Protein chains: 2
Amino acid sequence: MAGMSLEHAILVSLLEQPASGYELARRFDRSIGRFWTATHQQIYRVLKRMESDDWVTAEEVGQDGLPDKKVWSVTPGGRSALVTWLRAPVQPEAVRHELAVKIRGAAFDDPDGRAALLAEVERYRADHEATLAGYLAGERRDFPDPAARDARASLQHVVLRGGIAYERMVLDWLDDVLATLRTLDPDGKARP
Amino acid sequence: MAGMSLEHAILVSLLEQPASGYELARRFDRSIGRFWTATHQQIYRVLKRMESDDWVTAEEVGQDGLPDKKVWSVTPGGRSALVTWLRAPVQPEAVRHELAVKIRGAAFDDPDGRAALLAEVERYRADHEATLAGYLAGERRDFPDPAARDARASLQHVVLRGGIAYERMVLDWLDDVLATLRTLDPDGKARP
DNA sequence: GGATGCATGTAATGCGTTACATGATTGG
DNA sequence: CCAATCATGTAACGCATTACATGCATCC
């Protein structure tokens, strides 16, 4: 009852805008995916469970030139389930930072291995730079006016600012990591 | 074969210092737990699998006034498995940020609900402030001298600096969240 | 003709969490 | 005497990941 909140992420997304399972899956690759990831298989499974709990209902919509789809909406029961969850304490986050394990593990590899890790960190850094650029573009597009917004937009924006702050922090830290790795093997070349 | 790295976190920890399952579990509540969490049940299960893969070996150690323990060490096979994994690409992190879901969900609750969330964010912020204080104390204790260290200490320190940067970023962002929530309901009181 | 996008699923496996279970010693 | 610490496990359940599977429409 406590954590398990793919359901709740779906409820928030469907309250913002009803959608098919497929559209939800795409949102979980984009905006919602910034703070909660899910694949389409999970989404279809959870939607079924939510339907049997009467949290969501589907409306069949025909499209021309495209397959029919089921557009899901939140029921009053789903909305009250969301409110109950919103008012429960936040669970501590489970941390899984693979790169940090590899960095500490690099102490048990040789300079060749550390050179490989350095290259991998550079690639990883480029990914995060692209993510930051995407967030900033989204911010300019969706929140051009800093004031005069409703609650929904203000809350969406503060979550996006969290993503931006996270990415900036990661980039700074990765620079620190790169500098540290270079200090260990100054020439940056493989040694026998 | 790709992600699944509780094994690898255990290998790093045992290479830094051999330990019993129980001691490992405590490390996963402290230093290693900063970037990889695990319970003792997981650890015992995984140690068994690692033993049958010949990645670790146990030595029975008797203690007086305390139960015997099995002290685990990494075998050459385990070390080479670690090196193989270290040189593989880093998997993208799976993001699960429950608080962000709740913040966006707060658009669908009333001022009472947002007041409850605000109180919860304040509690959450206090937790992160305590975590940061713990990291800073650990840094002063374990890394008093900024230069003249070996590779292992340098790498442990840069990972710890990552934790510190993360906590500072979170605290700043939570202040932003609190200010945003207060803007939505300026009086901070429940309304009918 | 092949790739990509839209749309929805099933099945197998494995990882993580929670609950249950035992038993000795030390300190208040 | 009760709680906490040290020490090691089993069992059940559920969630997540990966692979497999289908089928139509559009664009190059």
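Letters go in sequence order (proteins before strands), and every chain restarts at 1. Only a predicted model underlies this, so the values are computations on that prediction, with no experimental measurement involved.
At a threshold of 4.0 Å, the pair B:R114-B:D110 does not count as salt-bridged, since none of the basic side-chain nitrogens sits closer than that to a carboxylate oxygen.
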Exercise for the section: Check the pair B:K102, A:W85 against side-chain contact (heavy atoms from CB on, under 4.5 Å), reporting the backbone distance first and the verdict last. Expected result: CA-CA 8 Å; B:K102 290 200 177 187; A:W85 175 78; 3.3 Å; yes
For this session: Just do the side chain to side chain donor-acceptor pair (under 3.5 Å) check on A:Q17 and A:E23 with the steps written out, would you?
Result: CA-CA 10 Å; A:Q17 182 72 48; A:E23 285 164 349; over 6 Å; no
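Nearest-nucleotide mapping onto DNA chain D: of A:L66 and A:Q42, the residue sitting toward the 5' end is A:Q42.
Between the side chain of A:R26 and the base of C:dG5, no donor-acceptor pair under 3.5 Å is found.
Side-chain proximity of B:P67 to C:dT17, C:dC6, D:dA7: nearest is D:dA7. Listed candidates were D:dT8, D:dT17, C:dT17. Nearest to the side chain of B:T39 is C:dT17. Closest approach to the A:A94 side chain among D:dG9, C:dT17, D:dA19 is made by C:dT17 (side chain taken as heavy atoms from C-beta onward). Of the candidates C:dC20, D:dA7, C:dT8, C:dC20 carries the atom nearest the B:Q41 side chain, counting heavy atoms from C-beta on. Nearest nucleotide to the side chain of A:R45, out of D:dG9, C:dC15, D:dA16: D:dA16. Of the candidates C:dT17, D:dT10, D:dT8, the closest approach to any side-chain atom of B:K48 belongs to D:dT10. Taking the side chain of B:R96 as heavy atoms from C-beta on, and the options C:dT18, D:dA16, D:dC6, the nearest nucleotide is D:dA16.
Phosphate contact (OP1/OP2 of C:dG5, side-chain N/O of A:K69, threshold under 4.0 Å): absent. Between A:Y22 and C:dT8 there is no side-chain polar atom (N or O) within less than 4.0 angstrom of OP1 or OP2. Note on B:S20: a side-chain N or O is less than 4.0 Å away from OP1 or OP2 of D:dT8. Proximity of A:Y44 to the phosphate of C:dG9: no side-chain N or O atom is located under 4.0 Å from OP1 or OP2.
In this structure, CG of B:L6 is placed 13 Å from C1' of C:dT17, rounded to the nearest angstrom. At whole-Å resolution of the value, CG in A:D29 and P in C:dG5 are 12 Å apart. To the nearest angstrom, P of C:dC6 lies 15 Å from CD1 of A:I43. As a whole-Å value, the separation of B:L47 CG from D:dT10 P is 12 Å. Atom CG in A:D68 sits about 16 Å away from atom P in D:dG23, given to the nearest Å. C:dC15 atom C1' lies 8 Å from atom CZ of B:R49, rounded to whole Å. Computed from coordinates, the A:Q91 CD to D:dC15 C1' distance equals 15 Å when rounded to whole Å.
Note that CD of A:E129 and CD of A:E122 are 11.5 Å apart. Values are rounded to the nearest 0.5 Å.
Note: B:H157 and B:F143 have parallel aromatic rings, judged against thresholds of 30 and 60 degrees for the angle between ring planes.
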